[in-house]
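Take a look at the structure set out below.
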Amino acid sequence: MTTRPQIDTEFPLQKYNTFGIPAVAAGFVRLCSDDDYVALMESELLRNSPFFILGGGSNVVLPDRYDGIIVHPDNKGVHLVGTENGVAYVEAGAGEVWAEFVDRCIDNGWHGLENLASIPGCVGAAPVQNVGAYGREAKDVVAQVHCYDIQKGVQQWIDAADCGFGYRWSRFKGEWKDRFLIDRVVFALTCDFVPDLSYKALATAVAERGIDSPTARQLADVVSEVRNSKLPNPKTVGSAGSFFKNPVVDGTTYETIRSEYPDIVSFPAGDGRYKLAAGWMIEHRGWKGRAMGRAGVYEKQALVLVNLGGCSGADVRILADAIIADVYSHFGVKLECEAIFV
Ligand code: EPU
């Protein structure tokens with residue numbers, strides 16, 4: 001006999017998005033077990049109504065009301081699948097809290113996630129937007145993704161090589177949007193720890209603390225400290241982390257901008273292209289610490305938009321659009337949002 005998924009109606013989402021927007025969903029389905037996923041697939045609910053897959057809600061801007069089904073993967077579990085040639089294959093449920101998962105891996109001697117410590121959100125979202133920080137991205141550690149094909153109702157494994165990972169991007173965010181529901185991820189981690197200090201600001205922070213050769217725990221702690229000094233604590237100030245992506249421009253555009261703004265912060269992005277620090281441009285235009293309505297630009301990091309109290313999705317949209325228009329008119333560069341408007 002087929003079990004039906006449990007649907008909560010008129011479900012409040014304020015606690016389910018780090019921006020703290022008091023949204024309400026027409027329907028809400030929590031997935032805690034394999035049976036929950038199978039029941040949802042067999043119900044064909046997602047083929048008959050609009051839906052949105054909401055993990056930790058750390059990268060979304062919700063509307064006041066969502067007139068479809070919010071699907072919330074909440075299945076836990078972390079286990080070692082096997083070890084081969086110094087690589088530990090570790091599987092984690094989509095609902096595992098990312099930061100706790102990173103800590104647990106460090107405690108178990110499974111390495112490669114240290115630079116990604118303290119990022120808000122859940123494991124299932126990591127491959128979707130290829131989360132990244134301090135020189136590492138999910139694509140460096142994801143081996144395989146297990147998911148349900150929503151259209152066909154079947155389960156399948158997808159190899160990392162087929163995910164189309166890019167900067168804050170994967171096929172799950174592009175052509176596969178609304179097609180796959182991820183329930184577990186397998187990570188390829190290393191049994192030996194080799195610190196990745198390729199991100200200059202991180203190497204500096206480690207050196208400033210008088211650490212020569214950090215242990216995995218020390219490195220993760222430094223990452224957490226640097227993050228906490230720049231990013232708002234989601235428990236006290238609502239935000240979605242970096243709101244905009246750092247734009248990548250061609251060499252000619254870069255030279256034109258640099259001739260007018262010699263101080264602009266940029267990084268070579270390969271093929272003669274450059275990644276520009278959006279935070280620098282937004283700060284340069286005087287937005288840091290500014291407010292529009294109930295949304296504001298965080299005073300310590302201009303890439304982050306914050307909830308000043310009672311903020312709606314519309315408030316965020318107005319502020320984001322104003323920043324995009326202003327940066328475009330001065331630098332000729334169109335910023336793209338990293339956060340997703342639902
Ligand atoms: N900068 C400014 N003003 C600002 C912010 C940044 O001048 O208000 C300059 C900094 O001085 C620095 C450069 O911009 O020279 C880069 O800043 P930072 O190292 O803080 O990184 P970011 O580009 O602002 C990105 C990620 C973050 C990630 C950090 C560290 C994106 C969109 N954001 O931010 O990711 O933690 O690098 O790797 O790529 C997130 O995605 O939510 C996120 C927090």
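Each residue takes its place number in the sequence, starting with 1. We count ligands from 1, going down the list as the structure has it; atoms in each ligand are counted the same way.
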Subset of ligand 1 atoms that lie under 4.0 Å from at least one heavy atom of [X]:
X      : answer
Glu338 : 31 (C), 32 (C), 40 (C), 41 (O), 42 (O)
Lys288 : 8 (O)
Ala302 : 4 (C), 8 (O)
Ala277 : 13 (C), 14 (O)
Lys230 : 18 (P), 19 (O), 20 (O)
Leu231 : 44 (C)
Gly241 : 42 (O)

May I ask you to decide if Ser170's main-chain N or O and Trp176's side chain share a donor-acceptor pair within less than 3.5 Å? no
For Glu137 and Phe165, what are the C-alpha separation, side-chain angles and deciding distance, and is it a side-chain contact (heavy atoms from CB on, under 4.5 Å)? CA-CA 9 Å; Glu137 290 181 321; Phe165 289 129; over 6 Å; no
Protein heavy atom under 4.0 angstrom of atom 11 (O) of ligand 1, is there one? no
Test item: protein heavy atom less than 4.0 Å from atom 2 (C) of ligand 1: yes
Given [options], which one has a non-hydrogen atom that is nearest to [atom]?
atom                    : options                : answer
atom 17 (O) of ligand 1 : Trp280, Tyr199, Phe244 : Tyr199
atom 15 (O) of ligand 1 : Val226, Val265, Ile282 : Val265
atom 36 (O) of ligand 1 : Gln129, Arg227, Arg136 : Arg227

Between ligand 1 and [X], is the shortest N or O to N or O distance under 3.5 Å?
X      : result
Lys300 : no
Gln301 : yes
Ala240 : no

Cation over ring, Arg285 on Trp287, under 6.0 Å and within 45°? no
Reported [atom1]-to-[atom2] distance for the pair [X] and [Y], which is rounded to 0.5 angstrom:
X      : Y      : atom1 : atom2 : value
Phe52  : Asp178 : CZ    : CG    : 8.5 Å
Phe187 : Asp140 : CZ    : CG    : 12.0 Å
Tyr298 : Asn307 : OH    : CG    : 13.5 Å
Cys105 : Glu114 : SG    : CD    : 9.0 Å

Count the heavy atoms of every other residue, nucleotide or ligand shown that sit under 6.0 Å from CD of Glu336, and state whether that count exceeds 12. no
Is there a donor in the side chain of Ser33 and an acceptor in the side chain of Asp35, or the other way round, less than 3.5 Å apart? no
Does one side chain, of Asp315 or Ser312, offer a donor that lies under 3.5 Å from an acceptor on the other? yes
[atom] - nearest protein heavy atom and its distance:
atom                    : answer
atom 23 (O) of ligand 1 : Asn246 ND2, 2.8 Å
atom 27 (C) of ligand 1 : Ser242 OG, 3.5 Å
atom 35 (O) of ligand 1 : Arg168 NH2, 2.9 Å
atom 22 (P) of ligand 1 : Leu303 CD2, 3.9 Å
atom 38 (O) of ligand 1 : Tyr134 N, 2.6 Å
atom 39 (O) of ligand 1 : Tyr167 OH, 2.7 Å

Verify the cluster assignment for Val327 and Met292: are they in a single hydrophobic cluster under the rule of side-chain heavy atoms below 4.5 Å apart? yes
Does Leu181 reach the side chain of Pro73, with side-chain heavy atoms less than 4.5 Å apart? yes
Pair Arg65 + Glu10: basic N to acidic O under 4.0 Å: yes
